[in-house]
Asker: 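Here it is, the structure in full.
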Amino acid sequence: TELSHIRNFSIVAHIDHGKSTLADRLIQLTGTVAERDMKEQLLDAMDIERERGITIKANSVRIEYPAKDGHTYVLNLIDTPGHVDFAYEVSRSMRAVEGSLLVVDATQGVEAQTLANVYTAIEADHEIVPVLNKIDLPASEPERVKEQIEDVIGIDASEAIEISAKTGQGIPDVLEAIVTRLPSPTGDRNAPLKAMLVDSWYDAYLGVVVMIRVMDGVIRKGDNIRMMQTGARYGVDRLAVLKPAMTDIAELGPGEIGVLTASIKQVRDTRVGDTITHDKKPCEKPLPGFKPAQPVVFCGLFPVDNAEFEDLRTAIEKLALNDASFTYEMETSAALGFGFRCGFLGLLHLEVIRDRIEREYDIDLITTAPSVIYQIHMRSGEQVELHNPADMPDPADIDHIEEPRIKATILVPDEYLGDVLKLCQDRRGIQLDLTYAGARAMVVYDLPLNEVVFDFYDRLKSVTKGYASFDYQLSGYRTDNLVKMQILVNDEPVDALSMMVHRDRAEARGRAMCEKLKELIPRHMFKIPIQAAIGGRVIARETLSAMRKDVTAKCYGGDATRKKKLLEKQKAGKKRMRQFGKVDIPQEAFINALKMD
Ligand code: GTP
């Protein structure tokens, strides 16, 4: 296709502002998919994505659009992931296109997540077309939201397109704007092949499918290619475009977006942002900005039932095939037995993987306290990366410890600002900026990642009744007074509950955990001390008193059915417990004990 007849774009939107619905409408209006094949939200393939309302894996579609000027254009939409954990992937997909539609829900306005992605688009030199969605709703305020886009983002919104992705109103204007307002790609057909690896995924029938954007040169079926960053070489088995069904194509030239298969075994052999070139006639330099995926949050995943360890291994291996940024290694814990230490891009990524293991593979899991990566500087001058509090060296040998920090941006309605500031302050935050956009405040905080990985999102949502939006990026490492806190139940350390904490917050944290555990652990026939300790020193203590002989006797008197119910409940509860020494600890205790109020 001629460069002037190609338009490549992505859609930037906050969760729920209507990205998928708009994409579906664009596909529908251009007849890319027959009406009867049209499923709601075609682009969100996975169940969990749909259920959680988030798009995790990038996806793309090629649309043919006969424009008013009489030419037929090829429009390539790249669907970018919508969550902070995938900021790098977003930045790469943005580099693969020339423009963005900025979709803002006209009843809601701009959110923190939108901001981050718009800035990524601006950095990639995108032309941006603002689109106000949901104008069919009486609560929509297009004029106010236009003003807000200009105030907060600083781009001209006077020609924003008002649409309803639900009713279809305004969709033809969007298609026309893509052609008239977005630039066409550039590139040299005669130069050596230079293509960006935009995304990859595992398909049960095809193996690894790689999505590429050709910058220069031409790629054809049968070509021998090389990935410049990993050095791996492959022969192209198949070349296709997504309409959105995979449709074979003879070649892809500059500006074009498509997919290839090349007998690649695992998704980990493909790195987002890598440069694909011809093995025999390579381009001079790879594309700039490549970064291998680096997990930032780690936790242990253990089967509740030890007999399920092999099933867990299979599940984890399968998931890792399709996810280059998820890492794992075997771990053994005195209390939990065999399991895996896993690394994730962020908390949401962790939750998604955990949910998939539990649901798709039906394995009950114990998740240990999430941990970030600490840089431990030893007195000997050696530097150690700590992923697991259990591996903490002897404090006597440590000179100092550095922890990762983030720059967090929070957008919140004025009335909740006080609560948000308090939350950030409580989490050792340092305020960097506070500005207003209409009735909403934008606060920027420097926070330790370790204070965010537990339940920061949950807390933020609850103190703002869901009205705050949040985004972050890693900003660097800083030395602080960090210690390892252990929890002892009945005098036995429960390694799964060990965590790194700031010294000043250790007592409060330890006390809260002991109190929580006291509620979460059922009474036994004997007294159980629950303690928090640093080194050998106990800093908090609770005692769970012994159970009376017959639990059912007192509360339920003679009512036999209720008595039976209670006993059944206890039996079901037993299954989800783990034994520590002489004490049974329910599975929920591991997660809930870590939540701070
Ligand atoms: P993620 O895929 O989760 O990022 O969300 P999204 O931005 O793709 O939003 P999605 O298209 O799933 O839309 C979110 C909700 O808003 C859905 O319930 C849609 O039916 C609804 N919705 C989308 N567009 C419109 C619209 O124009 N009007 C109305 N009334 N509802 C809409």
Side-chain angles (χ1 to χ4, degrees), residues 8-27 40-45 49-50 52-61 63 75-87 89-91 93-94 96-97 99-124 126-137 139-142 145-146 148-150 152-153 155 157 160-171 173-175 177-178 181-182 348 409 411 437 440 466-471:
N8 298 321
F9 67 105
S10 64
I11 301 179
V12 171
H14 188 69
I15 289 164
D16 273 352
H17 283 203
K19 182 167 84 175
S20 309
T21 314
L22 172 59
D24 290 351
R25 283 285 166 271
L26 296 177
I27 293 170
E40 279 285 301
Q41 309 225 332
L42 234 127
L43 290 179
D44 280 354
E49 288 184 19
R50 195 169 303 179
R52 287 175 167 253
I54 45 163
T55 310
I56 297 165
K57 267 288 168 199
N59 225 324
S60 101
V61 63
I63 297 168
L75 313 183
N76 287 305
L77 162 63
I78 289 193
D79 188 18
T80 51
H83 188 273
V84 291
D85 290 359
F86 302 93
E89 280 75 2
V90 174
S91 82
S93 7
M94 295 273 190
V97 298
S100 287
L101 303 179
L102 165 62
V103 176
V104 182
D105 183 333
T107 67
Q108 302 287 331
V110 177
E111 303 286 350
Q113 187 58 57
T114 326
L115 276 183
N117 285 346
V118 176
Y119 291 141
T120 311
I122 292 173
E123 263 170 47
H126 279 195
E127 200 59 49
I128 296 168
V129 175
V131 174
L132 305 181
N133 190 28
K134 307 200 187 180
I135 54 158
D136 59 295
L137 295 175
S140 78
E141 298 176 275
V145 174
K146 274 187 213 174
Q148 197 204 15
I149 291 174
E150 297 195 341
V152 179
I153 303 176
I155 59 172
I161 307 172
E162 299 182 17
I163 68 158
S164 165
K166 189 175 178 184
T167 67
Q169 186 186 344
I171 305 299
D173 301 336
V174 175
L175 285 164
I178 292 169
R181 289 165 64 178
L182 300 185
L348 177 103
T409 304
L411 271 169
R440 296 208 306 170
Y467 283 110
S469 59
F470 171 70
D471 183 58

Asker: If you take all heavy atoms of Lys146 and Leu132, which pair is closest and at what distance?
Answerer: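 Scanning both residues completely, I find the closest heavy atoms to be CG-CD1, 3.7 Å.
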
Asker: Find out whether Val174 and Val129 are in side-chain contact, i.e. whether some heavy atom of one side chain is under 4.5 Å from a heavy atom of the other.
Answerer: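 Side chain of Val174 against side chain of Val129, heavy atoms only: no contact under 4.5 Å found.
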
Asker: Is the side chain of His17 donor-acceptor paired with the backbone N or O of Asn133 at a distance under 3.5 Å, no angle test?
Answerer: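 No, because the side chain of His17 does not come within donor-acceptor range (under 3.5 Å) of the backbone of Asn133.
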
Asker: Where is the tightest heavy-atom contact between Leu26 and Ile171, given as atom of each residue plus distance?
Answerer: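 The pair with the smallest heavy-atom distance is CD2-CG2, 3.8 Å.
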
Asker: Under the side chain to side chain contact (heavy atoms under 4.5 Å, CB included) test, which residues partner Ser91, sequence neighbours left out?
Answerer: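 Result, side chain to side chain contact (heavy atoms under 4.5 Å, CB included) vs Ser91: Tyr88, Thr120.
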
Asker: Can you find a heavy atom in the side chain of Phe9 that is under 4.5 Å from one in the side chain of Asn76?
Answerer: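 No. Closest side-chain heavy atoms not under 4.5 Å.
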
Asker: For residues Ile178 and Leu101, determine if any side-chain heavy atom of one lies less than 4.5 Å from a side-chain heavy atom of the other.
Answerer: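 Result yes, sub-4.5 Å side-chain heavy-atom pair found.
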
Asker: Within the distance-only criterion (no hydrogens, no angle test), does the side chain of Asn117 pair as donor or acceptor with the backbone N or O of Val90 below 3.5 angstrom?
Answerer: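 Side chain of Asn117 to backbone of Val90, a donor-acceptor pair under 3.5 Å: no, none is there.
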
Asker: For atom OH of Tyr119, is the number of surrounding heavy atoms from other residues, nucleotides or ligands below 6.0 Å larger than 12?
Answerer: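 It does: Tyr119 OH has more than 12 such atoms within range.
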
Asker: Does any N or O in the side chain of Ser140 come within less than 3.5 Å of the main-chain N or O of Asp136, such that one atom is a donor and the other an acceptor?
Answerer: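 No, because the side chain of Ser140 does not come within donor-acceptor range (under 3.5 Å) of the backbone of Asp136.
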
Asker: Does any non-hydrogen side-chain atom of Asp105 lie less than 4.5 Å from one of His14?
Answerer: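 They are not in contact (no side-chain heavy atoms under 4.5 Å apart), so the answer is no.
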
Asker: Give the intermediate values and the outcome of side-chain contact (heavy atoms from CB on, under 4.5 Å) for residues Val12 and Thr114.
Answerer: CA-CA 7 Å; Val12 171; Thr114 326; 4.2 Å; yes

Asker: Scan for salt bridge (Lys or Arg N to Asp or Glu O under 4.0 Å) pairs involving residues 112-123, sequence neighbours excluded, and state none if there are none.
Answerer: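 Applying salt bridge (Lys or Arg N to Asp or Glu O under 4.0 Å) to every pair that reaches into residues 112-123, excluding sequence neighbours, yields nothing.
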
Asker: Return yes if some donor-acceptor pair links the side-chain N/O of Lys19 with the main-chain N/O of Thr80 below 3.5 Å, else return no.
Answerer: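 Side chain of Lys19 to backbone of Thr80, a donor-acceptor pair under 3.5 Å: yes, one is there.
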
